[in-house]
Number of protein chains: 2
Amino acid sequence: MQRDTAQRRAIRGVFNQENRPLTPQELLEGAQVTVPQMGLATVYRTLKSLTESGTVMVVDVPGEPQRYEIAGKDHHHHFSCKQCGRMFEMDGCPGDLERLVPDGFVMEDHEVFIYGRCSDCS
Amino acid sequence: MQRDTAQRRAIRGVFNQENRPLTPQELLEGAQVTVPQMGLATVYRTLKSLTESGTVMVVDVPGEPQRYEIAGKDHHHHFSCKQCGRMFEMDGCPGDLERLVPDGFVMEDHEVFIYGRCSDCS
DNA sequence: CCCCTAATGATAAACTACTATCAATAATCA
DNA sequence: TGATTATTGATAGTAGTTTATCATTAGGGG
């Protein structure tokens with residue numbers, strides 16, 4: 001990432017505007033608003049360099065392709081809208097997950113996904 | 001699923017013996033202990049009919065292929081071992097997830113994944 | 001014990017997500 | 001402005017998972 005191109009500005013713009021975990025497809029569609037001829041390969045290439053530089057990070061989602069979100073945010077979890085398919089961030093964390101862990105098992109990380117309707121769809 | 005074959009008995013046996021969410025590959029390897037010539041297509045076919053009959057259900061996992069577990073169990077969540085890659089069930093549930101949900105959003109379901117080391121690997 | 005056909009194994013094909021290739025384009029700097 | 005070369009778009013290719021095909025095998029009723 002040595003040159004500042006319209007494509008990269010558009011992708012960064014979508015991240016900043018949406019502020020939620022985005023699929024490559026969502027990024028493509030969002031970026032094509034300002035750069036209509038953008039191709040999916042450019043999205044993947046840009047995501048790769050943004051990930052390697054630590055600007056964005058991968059979010060693995062159950063039963064869906066990977067999403068990408070801006071790195072460095074406070075600990076949070078995700079809400080997936082069954083209607084529109086968009087995924088949102090939720091601040092905070094359920095406490096006391098340790099009590100779920102069976103004896104002899106060691107907890108290192110955790111993920112929480114809540115499913116339902118977002119404010120636009122409910 | 002009209003006939004009771006050695007292959008299907010073997011697959012049901014793996015489910016009952018392991019009692020955790022299994023990948024098609026894990027089911028294949030487990031079933032091949034008793035039916036060595038078993039093919040992957042048979043695993044998928046059997047999973048399809050077991051799913052349609054409501055005997056097993058799909059578990060979507062972040063960043064992994066689908067797993068299958070015996071249906072009808074009490075509400076529970078999953079533990080994934082970073083060392084051996086196996087996934088386990090954990091009884092219970094963290095309470096008070098509702099407070100994570102943003103205003104205007106409606107919660108319908110939730111999933112919790114805990115990552116770490118299982119008792120065999122820790 | 002036969003026969004019918006459901007079920008199987010091997011493998012090709014489909015599908016999705018992602019990566020590599022390469023000629024054309026455009027950002028940067030002298 | 002012109003040259004250099006990073007970047008792009010289009011598309012072929014790759015990888016992993018799941019499904020379809022089809023000749024062969026074997027379950028189970030008669």
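Letters go in sequence order (proteins before strands), and every chain restarts at 1.
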Looking only at heavy atoms, which two atoms of B:Pro94 and B:Leu97 are closest? And how far apart? O-CG, 3.9 Å
Between atom OH of A:Tyr68 and atom OG1 of A:Thr55, what is the distance when rounded to the nearest 0.5 Å? 13.5 Å
To the nearest angstrom, the CD-C1' distance between A:Glu64 and C:dC18 comes to 17 Å
Interatomic distance, A:Leu28 CG vs C:dA17 P [rounded to whole Å]: 13 Å
Tell me whether the rings of A:His77 and A:His110 are parallel (<30°), tilted (30 to 60°) or perpendicular (>60°). tilted
Report each atom pair, protein N/O against N/O of nucleotides 12-15 of chain D, whose distance is under 3.5 angstrom.
none

Charged N to carboxylate O below 4.0 Å: is that the case for A:Arg86 and A:Glu26? no
When you look at B:Lys73 and B:Asn19, which way does the side chain to side chain contact (heavy atoms under 4.5 Å, CB included) test go after all the steps? CA-CA 11 Å; B:Lys73 297 185 177 183; B:Asn19 200 40; 2.6 Å; yes
Find the distance between CZ (B:Phe88) and CG (B:Asp120) and round it off to the nearest 0.5 Å. 6.5 Å
Length of the CG-P vector between A:Leu50 and D:dT7, whole Å: 12 Å
Taking all atoms of both residues into account, what is the closest heavy-atom pair of A:Gly95 and B:Arg99, and its distance? N-NH2, 3.8 Å
Side chain to side chain contact (heavy atoms under 4.5 Å, CB included) test vs A:Ile114 passes for just one of B:Met107, B:Glu111, B:Glu108, namely B:Met107
Specify the separation, in whole Å, of atom CD of B:Gln66 and atom P of D:dT17. 11 Å
Taking CG from A:Leu27 and C1' from C:dA17, how many angstroms apart are they, rounded to a whole number? 15 Å
If you compare all heavy atoms of A:Ala10 against all heavy atoms of A:Thr34, which two are closest, and at what distance to 0.1 Å? CB-OG1, 3.3 Å
Drop me the distance from A:Phe105's CZ to B:Cys118's SG, to the nearest 0.5 angstrom. 5.5 Å
Answer yes or no: does atom CG of B:Asp74 have more than 12 heavy-atom neighbours from other residues, nucleotides or ligands under 6.0 Å? no
Rounded distance in Å - OH (A:Tyr44) to P (D:dA10): 16 Å
Once you round it to whole Å, what is the distance between P of D:dT7 and NZ of A:Lys48? 13 Å
So which protein N/O to nucleotides 9-16 of chain C N/O distances come out below 3.5 Å?
unit_1, atom_1, unit_2, atom_2, d
C:dG9, OP1, B:Gln7, NE2, 3.1
C:dG9, OP1, B:Gln37, O, 3.4
C:dG9, OP2, B:Gly39, N, 3.2
C:dG9, OP2, B:Thr42, OG1, 2.5
C:dG9, N7, B:Arg45, NH2, 2.9
C:dG9, O6, B:Arg45, NH1, 3.2

Can you pull every protein N or O that's under 3.5 Å from an N or O on nucleotides 28-30 of chain D?
unit_1, atom_1, unit_2, atom_2, d
D:dG28, OP1, B:Asp4, N, 2.9

